[in-house]
Amino acid sequence: MPAQLSCHQEDYNHIHGGKWTVSNLRLYLESTRGKEVTSKLFDEIHWIIPVMNNDKHCFECYGYDIIIDDKLKPWLIEVNASPSLTSSTANDRILKYNLINDTLNIAVPNGEIPDCKWNKSPPKEVLGNYEILW
């Protein structure tokens with residue numbers, strides 16, 4: 001899940017874009033606001049993300065747009081049922097590639113094609129960057 005700076009912000013880089021990995025966002029916030037405040041923010045993000053009904057026989061990818069205000073309060077703006085996977089910069093392309101790679105590793109761990117009776121949770125080591133928020 002990438003974090004993104006608005007293109008209207010002073011810090012926005014028009015060549016490289018404004019997207020950060022969640023881990024880079026966490027590192028930045030820990031270094032500027034402290035670990036305790038950052039952990040509280042990510043816990044609050046976890047609680048504002050709605051639980052989606054799912055079927056164990058299918059897989060969906062959602063994009064959650066969250067704004068974080070200057071008091072580090074997260075606000076859920078929208079949930080995208082079909083988030084864009086197009087990229088505008090090299091960094092964005094890497095983020096999207098990693099998202100797709102992590103998604104496939106969760107859906108088809110170790111390249112095993114599941115049958116209809118397959119009822120396993122993916123091992124923690126294949127979760128990639130999905131485990132960052134949780």
Side-chain angles (χ1 to χ4, degrees):
M1 172 193 307
Q4 184 170 348
L5 291 172
S6 166
C7 62
H8 302 292
Q9 283 181 277
E10 196 174 299
D11 299 1
Y12 185 81
N13 183 315
H14 291 279
I15 295 170
H16 300 288
K19 293 184 182 175
W20 295 1
T21 62
V22 173
S23 57
N24 283 348
L25 174 64
R26 182 183 280 272
L27 284 172
Y28 171 77
L29 290 172
E30 285 177 357
S31 67
T32 58
R33 302 289 185 101
K35 228 174 189 174
E36 186 178 319
V37 172
T38 302
S39 292
K40 181 178 182 275
L41 167 66
F42 279 83
D43 187 51
E44 289 175 1
I45 290 172
H46 171 77
W47 286 106
I48 66 170
I49 293 176
V51 174
M52 302 301 212
N53 289 333
N54 63 15
D55 179 344
K56 68 179 182 176
H57 297 101
C58 65
F59 187 84
E60 293 181 294
C61 182
Y62 295 98
Y64 298 91
D65 291 350
I66 298 169
I67 289 180
I68 302 168
D69 68 20
D70 58 352
K71 295 178 180 159
L72 292 187
K73 178 175 174 48
W75 299 87
L76 179 64
I77 303 302
E78 68 178 345
V79 179
N80 298 300
S82 185
S84 172
L85 294 178
T86 60
S87 57
S88 54
T89 67
N91 287 344
D92 194 23
R93 198 167 19 265
I94 291 166
L95 283 168
K96 303 282 175 68
Y97 172 86
N98 288 335
L99 169 73
I100 293 167
N101 189 54
D102 290 345
T103 301
L104 289 173
N105 284 333
I106 290 170
V108 188
N110 302 322
E112 292 178 41
I113 304 298
D115 63 23
C116 64
K117 295 177 186 151
W118 197 62
N119 193 17
K120 300 178 189 173
S121 294
K124 210 163 178 59
E125 60 270 7
V126 301
L127 292 180
N129 290 312
Y130 283 102
E131 66 183 345
I132 291 172
L133 280 178
W134 325 122

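Since the structure is predicted, the reported quantities are computational estimates derived from the model, not experimental observations. Heavy-atom basis, side chains included; hydrogens, waters and symmetry copies ignored.
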Please say yes or no: joined through hydrophobic side-chain contacts below 4.5 Å, possibly via intermediate residues, are [X] and [Y] part of one cluster?
| X | Y | answer |
| --- | --- | --- |
| W75 | V79 | no |
| Y97 | L99 | no |
| L41 | Y28 | yes |
| L27 | V22 | no |
| L85 | I94 | no |

**Request:** State the CD1-CZ distance between I68 and F42, to the nearest 0.5 angstrom.
**Result:**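 Here the rounded value is 6.5 Å.
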
**Prompt:** CD1 of I66 to NZ of K73: how many Å apart, nearest 0.5 Å?
**Reply:**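 If we round to the nearest 0.5 Å, I66:CD1 and K73:NZ are 11.5 Å apart.
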
**Asked** Would a 4.5 Å heavy-atom cut-off, applied to side chains only, mark V37 and L29 as touching?
**Response**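 With C-beta onward as the side chain, the pair stays apart.
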
**Message:** Less than 4.5 Å apart, side chain to side chain, heavy atoms only: is that true for N98 and T21?
**Reply:**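 No, every pair of side-chain atoms sits at 4.5 Å or beyond.
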
**Item:** Lys/Arg-Asp/Glu bridge criterion (N-O < 4.0 Å) met for E44, K40
**Value:** yes

Give the minimum heavy-atom separation between [X] and [Y], together with the two atoms involved.
| X | Y | result |
| --- | --- | --- |
| L25 | W20 | CA-CE3, 3.6 Å |
| E30 | T38 | N-OG1, 3.3 Å |
| R26 | S39 | NH1-OG, 4.2 Å |
| E78 | D65 | OE2-OD2, 2.8 Å |
| L72 | R33 | CG-NH1, 3.3 Å |
| P83 | Y62 | CG-C, 4.0 Å |

**Asked** Is there a side chain to side chain contact (heavy atoms under 4.5 Å, CB included) between I48 and Y64 once you walk through the steps?
**Response** CA-CA 10 Å; I48 66 170; Y64 298 91; over 6 Å; no

**Asked** Within a radius of less than 6.0 Å around CD1 of I77, do more than 12 heavy atoms belonging to other residues, nucleotides or ligands occur?
**Response**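 Yes.
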
**Asked** Above 12 or not: heavy atoms from other molecules or residues under 6.0 Å from CD of E36?
**Response**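 Open: at most 12 neighbouring heavy atoms sit under 6.0 Å from CD of E36.
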
